Amino acid sequence: MAMREVLDAIEFATCASSIGQVVVAHGSQGIRAVFIGDDDAAVLLALRSRFPLAALTPDQGSCKRVLPDVMGLIESPWKDFSLPVDSCGTTFQQQVWHALREIPAGSTASYTDIAQRIGCASAVRAVAQACGANPLAVIVPCHRVVRRDGGLSGYRWGVERKRELLRRESVWSSRIEPA
DNA sequence: CCTCAGTAGTGCC
DNA sequence: GGCACTACTGAGG
């Protein structure tokens, strides 16, 4: 785990989106991270602090190949996404992230729902922590997890961005599935 | 509205 | 191994 972060070369590229500056990091096995922030400085700082020991180099081609799909997902988060990803995390985190990918666009789940779904009903707070540790913004839709009482709770990249993503998905969802 | 305890995974020491 | 963190939750002021 830590070894791989040292040995694996990671390429990165930034790009402007409608909800902020995006940085995509790509390693030998796939997309390592997608972060959102106010500007290049912010997202690059976040990237460096996530991979303090890795060899980060400006894009040599792999980011450029995946960027259209990633940006498309950010503008239209209900689209399918099937490019290879390579997020490293603990077993628990992987379970949480896997569960998140099964929340359909247009709907939300509570931290309790996710905890139950992975068979750790009482690990609610740990689930929230794992959501916050999700390195694949929008690809792993942690923005669809909200409080049981309906509150938005937090979002690593800013609650306003979470609100906007959910708003778009809700609009899209009510358009193809009129009540 | 606010506080508090229960609770479980993670990171740092 | 301990200890202090949480993007929680439900109960009780």
Side-chain angles (χ1 to χ4, degrees), chain A residues 1-8 10 17-25 27 29 31-39 41-56 70 73-74 77-78 81 85-173:
Chain A
M1 196 99 63
M3 274 310 271
R4 195 159 63 100
E5 302 203 350
V6 176
L7 299 175
D8 197 8
I10 297 178
S17 83
S18 61
I19 59 171
Q21 201 68 5
V22 175
V23 62
V24 174
Q29 307 296 305
I31 299 171
R32 296 292 295 270
V34 175
F35 294 167
I36 310 169
D38 291 342
D39 49 37
V43 294
L44 291 177
L45 182 64
L47 187 66
R48 175 47 85 188
S49 82
R50 174 63 188 79
F51 302 106
L53 303 174
L56 297 179
V70 173
L73 191 68
I74 286 170
W78 47 86
F81 188 86
V85 297
D86 179 23
S87 56
C88 54
T90 65
T91 304
F92 180 82
Q93 288 169 334
Q94 297 289 352
Q95 290 181 82
V96 171
W97 299 339
H98 180 78
L100 298 190
R101 293 190 77 161
E102 285 172 358
I103 309 172
S107 70
T108 59
S110 70
Y111 296 92
T112 301
D113 291 335
I114 302 299
Q116 288 174 342
R117 213 162 298 173
I118 64 174
C120 302
S122 56
V124 179
R125 290 191 85 157
V127 164
Q129 192 178 273
C131 291
N134 164 38
L136 299 176
V138 192
I139 297 175
V140 172
C142 62
H143 60 276
R144 293 181 194 143
V145 190
V146 297
R147 292 179 62 114
R148 207 175 171 70
D149 64 15
L152 279 192
S153 192
Y155 191 56
R156 184 174 172 190
W157 315 117
V159 178
E160 281 314 308
R161 296 193 171 103
K162 182 175 187 172
R163 191 193 319 284
E164 174 61 15
L165 288 168
L166 288 175
R167 191 193 61 78
R168 292 181 190 179
E169 295 181 1
S170 150
V171 168
W172 166 81
S173 160

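All figures in this text were calculated on a predicted structure; none of them were measured in a lab. Quick note on labels: first sequence line is chain A, next is B, and so on, each numbered from 1.
Side-chain contact between A:Arg144 and A:Leu100 is absent, with no heavy-atom pair separated by less than 4.5 Å. Counting only heavy atoms from C-beta outward, the side chains of A:Val138 and A:Ile36 approach each other to under 4.5 Å. For the pair A:Arg101 and A:Val85, the minimum side-chain heavy-atom distance is below 4.5 Å. Two residues are said to be in side-chain contact when any heavy atoms from C-beta on lie closer than 4.5 Å; A:Phe81 and A:Pro141 fail this criterion.
At the heavy-atom level, A:Arg148 lies under 4.0 Å from the strands shown only through sugar-phosphate atoms. A:Cys120 comes within contact range of no nucleotide atom at all, as no heavy-atom separation falls under 4.0 Å. Residue contacts shown for A:Phe92 are limited to sugar-phosphate atoms, with no base heavy atom under 4.0 Å away.
Side chain of A:Asn134 to main chain of A:Val140: a donor-acceptor pair is present (N/O by atom type, distance under 3.5 Å, no hydrogens or angles). Side chain of A:Arg156 to main chain of A:Cys131: no donor-acceptor pair is present (N/O by atom type, distance under 3.5 Å, no hydrogens or angles). No side-chain donor-acceptor contact under 3.5 Å links A:Gln93 to the backbone of A:Gln129.
Rounded to whole angstrom, the span from the CD atom of A:Gln116 across to the P atom of C:dC8 amounts to 17 Å. Computed from coordinates, the A:Asp149 CG to B:dC1 P distance equals 11 Å when rounded to whole Å. Rounded to a whole Å, the CD atom of A:Gln93 is 14 Å from the C1' atom of C:dA7. To the nearest angstrom, P of B:dG9 lies 16 Å from CD of A:Gln94. Note: CG (A:Leu152) to C1' (C:dC8) measures 15 Å, nearest angstrom. At whole-Å resolution of the value, CH2 in A:Trp97 and P in C:dA7 are 15 Å apart. If you measure from atom CD1 of A:Ile114 to atom P of B:dG9, you get 16 Å, rounded to the nearest angstrom. Separating the OH atom of A:Tyr111 from the P atom of B:dA8 is a distance of 19 Å, rounded to the nearest angstrom.
Counting only Watson-Crick and G-U wobble pairs whose two distances sit under 3.5 Å, DNA chain C takes part in these stems of three or more pairs: B:1-6 with C:8-13, B:8-13 with C:1-6.
Under 4.0 angstrom from either OP1 or OP2 of B:dT7 there lies no side-chain N or O belonging to A:Ser122.
Closest to the A:Ala126 side chain, of the nucleotides B:dG9, C:dA7, C:dT9, is B:dG9.
A salt bridge does not link A:Arg161 with A:Glu164: every distance from a Lys NZ or Arg NE/NH1/NH2 to an Asp or Glu carboxylate oxygen is 4.0 Å or more.
Each of A:Gln129 and A:Thr112 has a nearest nucleotide on DNA chain C; the 5'-most of these lies closest to A:Gln129.
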Give each protein N/O atom lying under 3.5 Å from an N/O atom of nucleotides 2-6 of chain B, with the pair distance.
unit_1	atom_1	unit_2	atom_2	d
B:dG6	O6	A:Arg125	NH1	2.7

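Ring planes of A:Trp78 and A:Trp172: parallel class, angle under 30° (limits at 30 and 60°).
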